[in-house]
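For reference, the structure discussed in these notes is given below.
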Number of protein chains: 2
Amino acid sequence: MGGLSIGELARKTGVNIETIRYFEKIGMLGAPERTAGGHRVFDDGHLRTLKFIKRARELGFAPKEVRTLLDLGGPAKACCDEVRKIAVHHLEEVRGKIDDLVRLERHLAATVEQCSGGHVPDCAVIDMLETARP
Amino acid sequence: MGGLSIGELARKTGVNIETIRYFEKIGMLGAPERTAGGHRVFDDGHLRTLKFIKRARELGFAPKEVRTLLDLGGPAKACCDEVRKIAVHHLEEVRGKIDDLVRLERHLAATVEQCSGGHVPDCAVIDMLETARP
DNA sequence: CCTTGCACCTATATCTACTACAGGAAGTAC
DNA sequence: GTACTTCCTGTAGTAGATATAGGTGCAAGG
């Protein structure tokens, strides 16, 4: 069956039409067939790949990582070992980011706490921002 | 005292020279005096402001928020009330981001756990990415 | 005083990851 | 066959910088 127009593909994946053409241009998504008149005709493979890309981006994988994952999970199917490395690396980054944000959260919460909200000339938040990190 | 060249300012703040000029161009940092030959001469106010900008960016405040904070904490010193609002808003965003990342971390960790790291044809990580979110 | 060499100047281009036109042609519905 | 929608290409724009090209300023040594 297959045979999706770019608009249908966009609706099915939630990916912007312009973005689909962009992905094709940068080689992230394979070039589809064309009608006699030049309109793109995508198949189920394109649908799968585009969903994969979208999901990976939502999960915070960087565009370069997505590309590598596509190569690894693609026809070659070298799989698991390399894929796992990328996922673990990503996991470590996520954990680091969480730590950073938790520290920031504490700092901000403590500072806002000190702040009366009135029109005090000396402001704890401004102070915090003006104080260089140790 | 005063009288910093752009290079000195860059060294003292850790902000790239090009970025300092960029901040001046977009009005984030006031235009400094110039020597007869056209070289910028920054004063302690610029130093303070630039340190403030850098710190706020490090703490994850968006460029627009930084600009607002600068306006509020600047000569007008309307202060605290508005500043507090921005900080609280930012705090809420940070908390939301932490929640998202923690969920992602669990998902990734569980998936990687399932993965032997061998050359299994079906890969848990690829599976995860191919499975649409509910 | 003059040269050397670094720091600095402006203006423009590049980057990432897209998004948004403009102007025209293809496909579809009646 | 005409109206309407969707699609086409190509170019330009976005934020938030960063990098480059080609040209001066300035300070120190000889």
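Below, chains carry the letters A, B, ... as their sequence lines are ordered, and counting in each starts from 1.
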Considering all heavy atoms, the nearest [X]-[Y] contact:
| X | Y | answer |
| --- | --- | --- |
| B:Ala109 | A:Arg95 | CB-NH2, 3.7 Å |
| B:Gly30 | B:His46 | O-NE2, 3.3 Å |
| A:Arg34 | A:Val41 | C-CG2, 4.4 Å |

Please classify the nucleic acid contact of B:Arg34 as base, sugar-phosphate, or nothing, using heavy-atom distances under 4.0 Å.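 If one applies the 4.0 Å heavy-atom cut-off, B:Arg34 turns out to touch the sugar-phosphate alone, with no base involved.
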Could you check whether A:Ile17 gets within reach of a base, just the sugar-phosphate, or nothing at all, counting any heavy atom under 4.0 Å?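 Sugar-phosphate, no base atom in range.
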Provide, to the nearest angstrom, the distance between the [atom1] atom belonging to [X] and the [atom2] atom belonging to [N].
| X | N | atom1 | atom2 | result |
| --- | --- | --- | --- | --- |
| A:Phe61 | C:dT16 | CZ | P | 21 Å |
| A:Arg40 | C:dG27 | CZ | P | 14 Å |
| B:Glu24 | C:dC8 | CD | P | 14 Å |

Taking the side chain as everything from C-beta on, heavy atoms only, tell me whether B:Leu47 gets closer than 4.5 Å to B:Phe42.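 Side chain of B:Leu47 against side chain of B:Phe42, heavy atoms only: no contact under 4.5 Å found.
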Do A:Phe23 and A:Thr49 come close enough that some side-chain heavy atom pair is under 4.5 Å?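 They are not in contact (no side-chain heavy atoms under 4.5 Å apart), so the answer is no.
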Let me see the working for A:Lys54 and A:Glu58 under salt bridge (charged side-chain N to carboxylate O under 4.0 Å, His left out), right down to the final yes or no. CA-CA 6 Å; A:Lys54 201 197 173 207; A:Glu58 282 171 0; 3.4 Å; yes
I would like to know whether A:Glu18 and A:Arg21 meet salt bridge (charged side-chain N to carboxylate O under 4.0 Å, His left out); could you show each step before the answer? CA-CA 5 Å; A:Glu18 314 290 335; A:Arg21 285 198 278 253; 3.8 Å; yes
Let me have a per-nucleotide readout for nucleotides 18-25 of chain C, 5' to 3', with B, S or -, counting only protein heavy atoms under 4.0 Å. BBBB----
Using a heavy-atom cut-off of 4.0 Å to chain B, what are the terminal contacting nucleotides of DNA chain D, in 5' to 3' order?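 Here the contact window of chain B covers D:dG16 to D:dC26.
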Does B:Arg40 come within less than 4.0 Å of B:Glu33, counting only side-chain N to carboxylate O?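 Salt bridge between B:Arg40 and B:Glu33, a charged N being under 4.0 Å from a carboxylate O: no.
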Check the phosphate of C:dG27 against A:Ser5, side-chain N and O only, distance under 4.0 Å to OP1 or OP2. Yes or no?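 Answer is no, no contact under 4.0 Å.
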